[in-house]
Amino acid sequence: MSQDSRTRAADDTKPLVLAVSKLMPLYLGPLTERYQLLDRLHETDPAAFAAAAPRIRAVAASGESKLPAELVGRLPALEIVAVMGVGYDGIDVPACKARGAMVTHTPDVLNDDVADLALGLMLSAARQLPAADRYVRAGEWAAKGPMPLARKMSGARCGIVGMGRIGKAIAHRAQAFGMSIAYTARSAKADLPFRFFPSAEALAAESDFLVIITPGGAGTKHMIDAKVLRALGKKGILVNVARGSVVDEAALIEALEQGVIGGAGLDVFENEPNVPERLRALPHVVMVPHIGSATTSTRQAMADLALANLEAHFAGRPLKTPVPECR
Ligand code: NAP
């Protein structure tokens with residue numbers, strides 16, 4: 001047997017895994033070593049995909065990947081979907097379950113980073129840090145004198161939409177700024193000392209900063225609409241580190257253009273990576289390109305956990321972090 005066919009024979013014993021979207025090297029590298037990895041074959045070579053599909057046992061995905069029911073339907077041998085990310089709104093979980101496949105994600109390991117970024121966006125929007133940086137670079141300080149005064153963050157009212165793992169990490173940090181904390185979620189949390197509001201609109205009316213950190217998907221689509229923005233008011237600052245779909249972006253642009261709210265800090269957008277020109281033109285919006293969990297150590301921890309779920313599955317051990325619907 002040639003070296004080549006020996007390698008191929010060894011590879012054939014490895015489970016076939018489909019990467020449904022472009023994955024980070026931190027995840028893709030080990031996947032390629034440990035499995036027979038088909039990188040986006042369904043998009044690049046439909047005929048080869050059709051031939052391989054009946055043997056695909058796992059899907060590897062990121063938090064932004066799409067795995068619709070139609071694609072699940074073409075994977076009769078699917079056993080597990082391992083998402084490197086905590087959000088899995090792009091994965092059709094009921095379709096996976098109907099197939100008998102489990103879905104896993106990577107909760108908790110990214111709480112610190114996303115919460116840090118939320119506080120960073122709050123400060124950046126309130127104190128106009130990017131505009132201040134541009135002011136110095138452009139020589140305007142010397143030419144025009146001091147910048148206009150900004151908003152104070154310490155001691156302000158922080159409203160958090162979604163009081164889960166990351167919401168709590170945001171609350172903890174906001175407390176260190178002397179902020180009062182209130183929140184909305186599907187249910188009130190008896191173990192938390194924060195005031196609960198039954199709706200985002202009621203919460204917004206009592207908040208200076210409204211921070212969004214719910215899952216995306218149908219249940220939260222456009223939860224932050226024109227009414228919520230009106231309730232937040234002309235001094236209010238909206239921060240979204242959840243999913244673009246949670247905020248009605250057209251209503252947000254309108255509210256920002258017309259001074260209905262005071263400003264915004266955005267990590268996520270409705271049609272990433274495309275950000276509407278009208279939004280990009282607004283000076284009182286701070287925007288970053290979906291970097292909530294984007295630090296080296298956190299992305300490594302996320303990749304390790306996604307891989308550990310796959311490894312546990314193929315070794316017949318309990319999964320580390322299945323999504324709630326699969327527990
Ligand atoms: P989690 O622990 O599941 O918390 C989600 C919170 O949202 C819970 O408090 C939940 O309420 C609330 N919620 C869910 N549906 C709701 C609805 N329809 N109305 C009001 N509240 C609702 O999740 P997590 O780990 O904190 O992550 C939250 C989300 O952040 C993820 O799903 C992901 O989309 C996003 N995220 C973004 C980034 C980024 O890069 N920007 C990174 C990581 C995560 P209950 O507690 O009452 O169930």
Side-chain angles (χ1 to χ4, degrees), residues 24 61-66 83-91 93 103-122 159-174 181-192 194-204 207 210-225 228 238-248 264-270 272-273 275 286-295 297-299 301-303 305-306 321-327:
M24 293 203 68
S62 76
E64 284 82 57
S65 296
K66 302 266 178 284
V83 179
M84 179 184 152
V86 67
Y88 51 94
D89 41 293
I91 311 294
V93 178
V103 179
T104 65
H105 65 154
T106 60
D108 285 316
V109 294
L110 40 59
N111 295 351
D112 284 343
D113 271 357
V114 183
D116 289 355
L117 186 74
L119 271 286
L121 286 172
M122 290 162 72
I160 304 178
V161 180
M163 189 46 80
R165 292 169 290 251
I166 303 172
K168 285 183 198 137
I170 293 170
H172 181 63
R173 284 157 174 74
I181 314 292
Y183 69 100
T184 188
R186 285 175 298 198
S187 63
K189 318 290 165 206
D191 57 329
L192 294 179
F194 313 130
R195 189 168 168 204
F196 173 77
F197 286 89
S199 72
E201 189 181 356
L203 175 67
S207 302
L210 191 69
V211 186
I212 318 304
I213 188 62
T214 61
T220 55
K221 188 165 167 66
H222 289 187
M223 190 178 165
I224 307 304
D225 58 10
V228 176
L238 180 83
V239 168
N240 188 6
V241 286
R243 283 285 183 267
S245 61
V246 185
V247 175
D248 179 342
L266 307 172
D267 183 40
V268 287
F269 303 86
E270 276 208 272
E272 296 175 9
V275 177
V286 179
M287 289 174 282
V288 293
H290 203 151
I291 56 170
S293 64
T295 67
S297 54
T298 291
R299 286 285 167 87
M302 291 163 67
L305 186 50
T321 46
V323 301
E325 297 93 319
C326 292
R327 273 176 217 151

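Counting convention: from 1, in listed order, for ligands and their atoms alike. Only this structure's heavy atoms are used, side chains among them; waters, hydrogens and symmetry mates stay out.
Of all protein heavy atoms, the one closest to atom 44 (C) of ligand 1 is V86 CG1, 3.1 Å. What sits closest to atom 26 (O) of ligand 1 on the protein, heavy atoms only, is I166 N, 2.9 Å. For atom 35 (C) of ligand 1, the closest non-hydrogen atom of the protein is A242 O, 3.7 Å. Nearest non-hydrogen protein atom to atom 19 (N) of ligand 1 is M223 CE, 3.4 Å. Atom 38 (C) of ligand 1 has its closest protein heavy atom at V241 O, 3.7 Å. Given atom 18 (N) of ligand 1, the protein heavy atom at minimum distance is G219 O, 3.3 Å.
Here the shortest heavy-atom pairing between H105 and T321 reads O-OG1, 2.7 Å. Residue E270 comes nearest to H222 through the heavy atom pair OE2-NE2, 2.9 Å, listed as atom of the first residue, atom of the second, then distance. Of all non-hydrogen atoms in L121 and V288, the two that sit nearest each other are CD2-CG2, 4.2 Å. Shortest non-hydrogen contact noted between V211 and A118 is CG1-CB, 4.2 Å.
The H290 neighbourhood of ligand 1 comprises atoms 39 (C), 40 (O), 41 (N), with distances under 4.0 Å to a heavy atom of that residue. Proximity to G87 (heavy-atom distance under 4.0 Å) selects the following atoms of ligand 1: 32 (O), 33 (C). Near V114, meaning under 4.0 Å from any of its heavy atoms, are these atoms of ligand 1: 42 (C), 43 (C). For ligand 1 and T214, the ligand atoms under 4.0 Å from any heavy atom of the residue are 7 (O), 21 (N), 22 (C), 29 (C), 30 (O), 34 (O). With ligand atoms numbered from 1 in the order given, ligand 1 contributes 15 (N), 16 (C), 17 (C), 18 (N) to contacts under 4.0 Å with heavy atoms of T220.
Ligand 1 has K189 within reach: a non-hydrogen atom of the residue lies less than 4.0 Å from it. Ligand 1 lies out of reach of P107, whose nearest heavy atom is not under 4.0 Å from it.
In this structure, the side chain of N240 engages the main chain of R243 through a donor-acceptor pair within 3.5 Å. Proximity of a side-chain donor or acceptor of D267 to a complementary backbone N or O of G292 within less than 3.5 Å is detected. With K189 contributing its side chain and S187 its backbone, the two residues share a donor-acceptor pair below 3.5 Å. The backbone N or O of F197 sits less than 3.5 Å from a side-chain atom of T184, completing a donor-acceptor pair. Under a 3.5 Å cut-off, the side chain of S199 and the backbone N or O of A202 do form a donor-acceptor pair. Of the possible donor and acceptor atoms, one in the side chain of D225 sits under 3.5 Å from a partner among the backbone N and O of V228.
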- Query: What's the verdict on ring pair (Phe, Tyr, Trp, His ring centres under 6.0 Å) for F196 and Y183, showing C-alpha distance, side-chain angles and the deciding distance?
  - Reply: CA-CA 5 Å; F196 173 77; Y183 69 100; 5.4 Å; yes

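In P215, the parts holding a heavy atom less than 4.0 Å from any atom of ligand 1 are both the side chain and the backbone. Proximity of I213 to ligand 1, defined as any heavy-atom pair under 4.0 Å, is shared by backbone and side chain alike. Contacts with ligand 1 closer than 4.0 Å are made by heavy atoms of both the backbone and the side chain of R165.
The heavy atom nearest to atom 48 (O) of ligand 1, out of those in K168, R186, R243, M163, is found in R186. Closest to atom 12 (C) of ligand 1 by heavy atom, among G162, A218, G164, is G162.
Annotation: D267 places an N or O atom under 3.5 Å from an N or O atom of ligand 1; distance criterion only.
The side-chain heavy atoms of I291 and D113, taken from C-beta on, include no pair separated by under 4.5 Å.
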